[in-house]
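Every heavy atom of this structure was used, including side-chain atoms; hydrogens, water molecules and symmetry mates were not. For ligands, and for the atoms within them, numbers begin at 1 and follow the listed sequence. Just so it is clear, the model here is predicted, and its values are computed rather than measured. Start at 1 with the first residue, then count along the sequence.
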Amino acid sequence: MTGRTHDLAAFTALTYVIVTQPIGDMSLGTALVAFTANMIGGLAPDIDQSTSSLWRRIRGGTILGKLISPLIGGHRLLSHSIIGVIMAGFILEVLLNVAGSVLIVDHEVVWWAFMIGFVSHLIMDSFTREGVPWLFPIPISFGIPPLSFLRMKTGGLVEKSFVFPALLFINGYLIYMNYNTFLDFIKNHIK
Ligand SMILES: [Zn+2]
């Protein structure tokens, strides 16, 4: 999956949670940081690939990526697994606690927004040929559908002409069907 598709998938997952889950009030600052965290979370599993969007969006990122990605063990391993999800959640918790003294935002909201993005990435990658080693270190990759030749190629025609528009459609559909909930969230829950 390309970075663009991951961004949109993360946002779609976030929209789904906003319209289906009871969400308390939050500050505008929290909402904005959570939105950014969701996008970073949607790209974060590709920390293991120096050519990924995550690194390309940071100045000097490709060099940094080349240094850091080998430490994580190569593309689509640790960071694309359940253990990776748990580790990311733990590291984020520590980072948010450290940042807590300067960043006045609701940690829990930011944490969830990031994790929703992170998990959405692994689900989306499951639709590609390579699959996802969900149970790493068990060396088996899982995908949807299970037969890899039925799955799509990253950045290929199916992703561009079907998956991306479908995600746009799902987003629009979720907001349209839950318009009042969505409006209520923006108007009354962001202070
Ligand atoms: Zn990935």
task = Quick one: do Val19 and Met177 satisfy side chain to side chain contact (heavy atoms under 4.5 Å, CB included)? Show the steps, please.
result = CA-CA 9 Å; Val19 296; Met177 291 307 285; over 6 Å; no

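- Side chain of Thr30 to main chain of Asp106: a donor-acceptor pair is present (N/O by atom type, distance under 3.5 Å, no hydrogens or angles).
- Of the residues Leu122, Val132, Leu135, the one that meets the side chain to side chain contact (heavy atoms under 4.5 Å, CB included) test with Phe142 is Leu135.
- The aromatic rings of His80 and His121 sit perpendicular to each other, their planes meeting at more than 60°, with 30° as the lower class boundary.
- A donor-acceptor pair under 3.5 Å links the side-chain atoms of Glu159 to the main chain of Thr2, judged by distance alone.
- Closest non-hydrogen pair, Ile23 versus Val17, comes out as CD1-O, 3.9 Å.
- For the Zn ion (ligand 1), the neighbouring protein N/O/S atoms at less than 2.8 Å, given as residue and atom, are Asp46 OD1, His80 NE2, His121 NE2, Asp125 OD2.
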